[in-house]
Amino acid sequence: MAAASSPDSNSGLAESNEANSKWLDAHYDPMANIHTFSACLALADLHGDGEYKLVVGDLGPAGKHPRLKVLKGPTVLAENPLPALPAAAAAFLMEEQHETRTPALALASGPCVYIYKNLRPYFKFSLPPLSLNPLEQDLWNQAKEDRIDPLTLKEMLEDIREKAEVPLSVQSLRFLHLELSEMEAFVNQHKSKTIKRQTVITTMITLKKNLADEDAVSCLVLGTENKEILVLDPEAFTILAKMNLPSVPVFLEVSGQFDVEFRLAAACRNGNIYILRRDSKCPKYCIELSSQPVGLVRVHKILVVGSTQDSLHGFTHKGKKLWTVQMPAAILTMNLLEQRSRGLQAVMAGLANGEVRIYRDKALLNIIRTPDAVTSLCFGRYGREDNTLVMTTRGGGLIIKILKRTAVFVESTGEVGPPPAQATKLNVPRKTRLYVDQTLREREAGTAMHRSFQTDLYLLRLRAARAYVQALESSLSPVSATAWEPLKLHAVVQGLGPTFKLTLHLQNTSTVRPVTGLLICFLYNEALYALPRAFFKVPLLVPGLGYPLETFVESLSNKGISDIIKVLVLREGQSAPLLSAYINMPVSEGLEAA
């Protein structure tokens, strides 16, 4: 059945045919009575025969009578009622098998995930119950024993709802919305039932467990109304990991493998996107949006987000915005288009004006015009065709298109904006990148860097001044500190012992003025050393010349120990030394041998 095109004018029809020339119109049924969204569509080989079926979590007309539908081609193959509105549908492999591997079907509905194999019920996973408010439980126990009337029960429950941190159960919330005449019958009907507080599933996606292959075993990743993300084991359906979020997740995207390393992006109701890594219990990065997200798709390493401001945004996994594309109408749904034969990944966006736009990054590749606004999209293998696009419309219609094998998507040049070359990244050398990063850092933190430099400089000056003062106080400086006595002292010890030759090199560093009246004094341990002269006068020192002054030191100890001899240069009539030096005497080898 051929897809109907807009009959506005001949030019509009020609334009539509030209835009849809890459697609074959396989089927269009405006009365298919399918009401769903993209998360509840899945294509899977449910019987392992190579014939891919379409799985639909149907909300039903006006959200009533939800059903699970399986379509083969344009016809409904199976149909099962659901106890609650579906949240998501996914096909995944549960266990390792050596023979033909048949995927299982997971359908999230309410607080449960229903697992089907070969279109037969296989397992039901229920979310763990939440803790109850003890005050609420006590009130219902009193109502069970007829110790409290319905009006008082309503007043106390309203008080608990306003003040308590733990939310009320569904039973209490339903009771608070009743009219006064209906309360007593409701209490009599439910007072004997066990009160429970149960959360529900808001979104679901699959994550490869340990291999990246297409036919590898996958885990189910659930987002709940309780601001949690749960990762389920594909065989035992136990909770492998639990992560907390600041808000309720509504869209999920994952990459990687659970046992190796994975990255998870969650778009939440507070308008933020949170990035989580393996072994992280809370988000690592946060992307703040200016409006609510309406879709989240991962294209290679880029997160594409649709917002209520009629625009698509591209972000890195660390939250850096790469580009923004404005849409001509509101975005109703989004999904991924992956043409594996050509290595193409693009984003499909269904708009309220009846268009489906396909983008690679911010470049427009194709526009598909439909008779009605599209509310769900799914691209993949359907039947035995690899590249099939399945769409459902706002009125419940079903549209199936097949991408031609010769179709090649070319970036449109008619879009208003900068040229594509402007988005091409330059191959900047590493040193240049380092220089640019350093320049940006200096520009942003110039004041702080200058303050830090000044602080370090003042500390260096302070430490140098303290060391200088300490040297002067302890007379450890070999250079005279006064300008009118410019002297320099250097000592050399020679010999193996027990007698050492001590040579003092004393120099007048003045340029014109000679120095006279100097004395040299030796301070030492008399139990260890003996000097022929511990005190003698220095001859006149001519400017610029070095004078070697020699003496001998005899080691008196036979225990192989040594000490320090201190040399002082004094001025006649003064007690404070002009300069000094410490001489570390070596151990006498002659005494050791003896």
Side-chain angles (χ1 to χ4, degrees), residues 38-39 88 90 202-212 216 218-223 227-231 240-307 309 311-325 331 334-338 343-349 359-363 423-428 430 433 436-437 440:
S38 297
T202 57
T203 181
M204 179 178 68
I205 202 169
T206 59
L207 169 65
K208 301 295 182 182
K209 192 172 190 304
N210 47 29
L211 295 174
S218 300
C219 304
L220 291 179
V221 183
L222 309 178
K227 304 177 184 179
E228 290 181 340
I229 292 179
L230 307 177
V231 182
L240 296 177
K242 180 186 293 187
M243 291 163 274
N244 296 317
L245 292 172
S247 183
V248 180
V250 289
F251 300 105
L252 292 177
E253 275 294 339
V254 294
S255 61
Q257 298 89 48
F258 177 78
D259 291 339
V260 184
E261 179 63 38
F262 68 89
R263 196 191 305 261
L264 189 148
C268 299
R269 286 186 189 157
N270 62 354
N272 294 339
I273 299 175
Y274 298 99
I275 312 296
L276 299 99
R277 303 284 294 272
R278 189 177 188 270
D279 299 331
S280 63
K281 301 298 180 183
C282 55
K284 185 175 180 63
Y285 300 103
C286 174
I287 302 174
E288 296 184 0
L289 304 177
S290 57
S291 58
Q292 290 292 324
V294 295
L296 177 65
V297 177
R298 181 179 62 87
V299 181
H300 298 298
K301 294 184 179 181
I302 299 177
L303 291 175
V304 182
V305 186
S307 68
Q309 291 181 340
S311 58
L312 288 178
H313 308 279
F315 294 92
T316 65
H317 281 284
K318 292 187 177 180
K320 179 181 179 182
K321 181 183 282 190
L322 300 176
W323 47 264
T324 299
V325 177
I331 302 174
M334 293 172 55
N335 213 333
L336 177 68
L337 183 149
E338 184 174 10
L344 171 69
Q345 283 192 353
V347 177
M348 302 182 294
Y359 286 89
R360 179 169 56 193
D361 291 337
K362 60 178 181 179
T424 304
K425 294 184 178 180
L426 298 177
N427 187 15
V428 182
R430 183 177 299 177
R433 286 202 306 270
V436 172
D437 294 342
L440 293 176

Item to check | Pairwise ring-ring contact (aromatic ring centres under 6.0 Å, His included) hits with a residue in residues 255-303, at least two apart | outcome: F258-F262
Checklist outcome for this item: Note: L336 and M348 closest approach over all heavy atoms is O-CE, 3.6 Å
Checklist entry - How close do A212 and Q257 get, heavy atom to heavy atom, and via which atoms? => result CB-NE2, 3.3 Å
Checklist outcome for this item: Partner of Q345 under side chain to side chain contact (heavy atoms under 4.5 Å, CB included), picked from V297, V299, L337, I302, is V299
Checklist entry - For D259, what residues pass the side chain to side chain contact (heavy atoms under 4.5 Å, CB included) criterion, not counting sequence neighbours? => result K209, N210
Checklist entry - Sequence neighbours excluded, which residues qualify as side chain to side chain contact (heavy atoms under 4.5 Å, CB included) partners of S38? => result T333, N335, S376, L377
Checklist outcome for this item: Output for pair (M204 CE, L252 CG), nearest 0.5 Å, gives 10.5 Å
Next on the checklist: Can you tell me how far apart NZ (K242) and CD (E228) are? Round to the nearest 0.5 Å.
Outcome noted: 4.5 Å
Checklist entry - Minimum heavy-atom separation for S291 to Q309, with atom names? => result OG-CG, 3.4 Å
Checklist entry - What distance do E253 atom CD and R263 atom CZ have between them, rounded to the nearest 0.5 Å? => result 13.5 Å
Item to check | Pairwise distance OG(S218) to CG(L207) - rounded to 0.5 angstrom | outcome: 7.5 Å
Checklist entry - Does any non-hydrogen side-chain atom of I275 lie less than 4.5 Å from one of K318? => result no
Item to check | More than 12 heavy atoms from other groups under 6.0 Å of CZ on R433 | outcome: yes
Checklist entry - Looking at I331 and S311, what are the two nearest heavy atoms and their distance? => result CD1-O, 3.6 Å
Item to check | Any side-chain heavy-atom pair of K362 and L312 under 4.5 Å | outcome: no
Checklist entry - Taking atom CZ of R278 and atom CG of L276, what is their separation to the nearest 0.5 Å? => result 13.5 Å
Checklist entry - Does the R298 side chain pair with the main chain of V254, one donor and one acceptor, at a distance under 3.5 Å? => result yes
Checklist entry - Between A265 and L303, what is the shortest heavy-atom contact and its length? => result CB-CD1, 3.7 Å
Item to check | Non-hydrogen side-chain atoms of V305 and I287 separated by less than 4.5 Å | outcome: no
Checklist entry - Would you say the side chain of V304 lies within less than 4.5 Å of the side chain of L296, judging by non-hydrogen atoms? => result no
Checklist entry - Would you say P246 and P283 make side-chain contact, with heavy atoms under 4.5 Å? => result yes
Item to check | Member of V231, V221, L230 meeting the side chain to side chain contact (heavy atoms under 4.5 Å, CB included) criterion with M243 | outcome: V231
Checklist entry - What are the two closest heavy atoms between C219 and L240, and how far apart are they? => result SG-CD1, 4.2 Å
Checklist entry - Is a donor on one side and an acceptor on the other found under 3.5 Å between the side chain of E288 and the backbone of G271? => result no
Checklist outcome for this item: CD1 of I229 to SG of C268, rounded to nearest 0.5 Å, is 7.0 Å
Next on the checklist: Could you check whether any side-chain N or O of N270 sits under 3.5 Å from a backbone N or O of N272, counting only pairs where one atom can act as donor and the other as acceptor?
Outcome noted: yes
Next on the checklist: Would the distance check show the side chain of T202 and the main-chain N or O of V250 forming a donor-acceptor pair, the cut-off being under 3.5 Å?
Outcome noted: no
